[in-house]
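What follows is one structure encoded as structure tokens, with my remarks underneath.
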2 protein chains.
Amino acid sequence: MRLSDGVEWAIHCCTVLAALPAGQALPAAKLAEFHGVPPAYLAKHLQAITGAGITESLPGPRGGYRLARPPAEISLLQVVLAVDGDDAAFRCSEIRQRGPVAGPPDTYRRPCGIARAMWRAEDAWRAELASTSIGDMVDEVLNNVPADQLDKATAWISQVDITRRNRK
Amino acid sequence: MRLSDGVEWAIHCCTVLAALPAGQALPAAKLAEFHGVPPAYLAKHLQAITGAGITESLPGPRGGYRLARPPAEISLLQVVLAVDGDDAAFRCSEIRQRGPVAGPPDTYRRPCGIARAMWRAEDAWRAELASTSIGDMVDEVLNNVPADQLDKATAWISQVDITRRNRK
DNA sequence: GTCCCTATACTCGGATAGCAAGTGTCCGAGTATAGGCGG
DNA sequence: CCGCCTATACTCGGACACTTGCTATCCGAGTATAGGGAC
């Protein structure tokens, strides 16, 4: 079982976007450079979270991505599902119906106990991710990252020409 | 994120093995036929859980696989990790250290909050799987599967020559 | 009749191809901007 | 001097190759068995 690398990138990007002044956008290329990841591939994932309504995109010069909602209202689960897909990790292929001792289809109305147990575990995973927001991630950064590091990052982002990047 | 199909097969096989008389073994080919899955591929996964000490194998005629421990002492988590590998689904690639604003390596002694949040969710997933055992799966089958279905399955397994299949 | 030996058949185990999904990249469509031109 | 228009450059968006890991398979090593033969 493996989670796409894009999940990590997307969450980091959302955290950075959440730390920007309200309404300000940042291009995908800058986000990629900031994190040291391939720009074209990161763009793919930014499109995914934009399609899910987590971020919104502004085309044209001075455009970019910005959060579509307050950071506290974006859960990690929403980002993960947007990037990685909302399919369950465990997929019941109903092998109980495939053997020589299989009964009539009507016998298998309810999912088998194994699938229910696996899905229950996934529900616990989702619940934990749903209870954590991008806002929590921002708070964690502000509390644990040294001040000089924060200043350094802020300065780098400011070097991007933002004169009018926070348009309607 | 996707879990290997072998996980489902392995748990079903363990459940069947748990329902056998104590000490009795069943060949991989019969387990595959019972579940309607490719024999050679199922064998691969049975090797995995055998290597993890969940099942044990008996070579030669009248051999096969059987549980190495009581069903109640085998958690679903152990089976899942044996088949799918014990790597975490979320892998932190430390992109916070890769940008132009990265600080000295000593700054990043502790894992970042994003990785911690993701791993916390995985811990919840593992805890749920660890609290469910193969014995629970057997109980669920005995309680929810119609009696005639159980008889049918038992009869099919008995058709396998078991005269001396439960050896030392 | 009992014991031993040998040939057999059955089992697991690891090494080997095939394929799908994730990974990585590129170029085209669309838009706000900035400068120049006319009034 | 002010307003409009056009060309520009920058942005996102979807379509196109490549690689890793899961899927699927096969053949060889090892063993308990079953039968036959000798004592």
Side-chain angles (χ1 to χ4, degrees), chain A residues 1-10 13 17 24-33 36-52 55-66 68 80 83-85 87 89-91 93 95 160-168, chain B residues 1-10 13 17 24-33 36-52 55-66 68 83-85 87 89-91 93 160-168:
Chain A
M1 184 175 56
R2 182 174 180 172
L3 215 50
S4 167
D5 293 342
V7 169
E8 180 186 11
W9 304 357
C13 286
L17 293 180
Q24 183 173 334
L26 206 59
K30 290 296 174 185
L31 281 169
E33 185 183 355
V37 298
Y41 191 29
L42 176 63
K44 191 182 187 69
H45 297 303
L46 292 174
Q47 287 175 30
I49 60 175
T50 300
T55 50
E56 57 187 12
S57 63
L58 298 112
R62 305 283 187 271
Y65 289 95
R66 66 183 176 192
V80 170
V83 173
D84 200 65
D87 293 332
F90 180 86
R91 266 158 256 193
S93 52
I95 62 176
V160 180
D161 178 15
I162 61 170
T163 44
R164 296 190 194 174
R165 196 171 281 279
N166 50 346
R167 59 178 207 238
K168 191 288 179 173
Chain B
M1 185 174 56
R2 182 173 178 173
L3 214 50
S4 167
D5 294 341
V7 169
E8 181 187 9
W9 303 358
C13 285
L17 293 179
Q24 183 173 332
L26 207 59
K30 289 297 174 183
L31 282 168
E33 185 183 354
V37 297
Y41 191 30
L42 176 63
K44 191 182 187 69
H45 298 303
L46 291 175
Q47 288 174 30
I49 59 175
T50 300
T55 49
E56 57 187 12
S57 64
L58 299 109
R62 304 284 187 272
Y65 290 95
R66 66 184 175 191
V83 173
D84 200 66
D87 293 333
F90 180 86
R91 266 157 256 193
S93 52
V160 180
D161 179 17
I162 62 170
T163 46
R164 296 188 194 175
R165 197 171 280 279
N166 50 347
R167 59 180 208 237
K168 192 293 184 158

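Naming convention: chains lettered A, B, ... in sequence-line order (proteins, then strands); numbering from 1 in each chain.
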Angle, rounded to 10°, between the helical axes spanning five pairs at each terminus of the helix from C:dG1-D:dC39 to C:dG39-D:dC1? 10°
Hey, could you give me the CD/CD1 distance between A:Glu56 and A:Ile49, rounded to the nearest 0.5 Å? 11.5 Å
Let's see if you can work this out: which of [options] has an atom nearest to the side-chain heavy atoms of [X]?
| X | options | value |
| --- | --- | --- |
| A:Lys44 | D:dC16, C:dC12, C:dG22 | D:dC16 |
| B:Pro27 | C:dC12, C:dG13, D:dT25 | C:dC12 |
| B:Tyr65 | C:dC26, C:dG13, D:dA24 | C:dG13 |
| A:Thr50 | C:dC12, D:dA24, D:dG13 | D:dG13 |

Between the protein and nucleotides 6-8 of chain D, which nitrogen or oxygen pairs come in under 3.5 angstrom?
none

Please tell me if [X] has a side-chain N or O lying less than 4.0 Å from either OP1 or OP2 of [N].
| X | N | value |
| --- | --- | --- |
| A:Gln47 | D:dG14 | yes |
| A:Arg62 | C:dA34 | yes |
| A:Tyr41 | C:dT23 | yes |
| A:Ser57 | D:dG13 | yes |

Pairing residues for B:Thr50 by the side chain to side chain contact (heavy atoms under 4.5 Å, CB included) criterion, not counting sequence neighbours: B:Thr55, B:Ser57, B:Tyr65
Expressed in angstrom and rounded to an integer, what is the separation of [X] atom [atom1] from [N] atom [atom2]?
| X | N | atom1 | atom2 | result |
| --- | --- | --- | --- | --- |
| B:Glu33 | C:dT11 | CD | P | 12 Å |
| B:Arg91 | C:dT23 | CZ | C1' | 14 Å |
| A:Ile49 | D:dC12 | CD1 | C1' | 13 Å |

Upstream residue (5' side of DNA chain C) when A:Ala43 and A:Gly6 are each assigned their closest nucleotide: A:Gly6
Between B:Asp84 and B:Pro38, which has a closest nucleotide on DNA chain D that is more 5'? B:Asp84
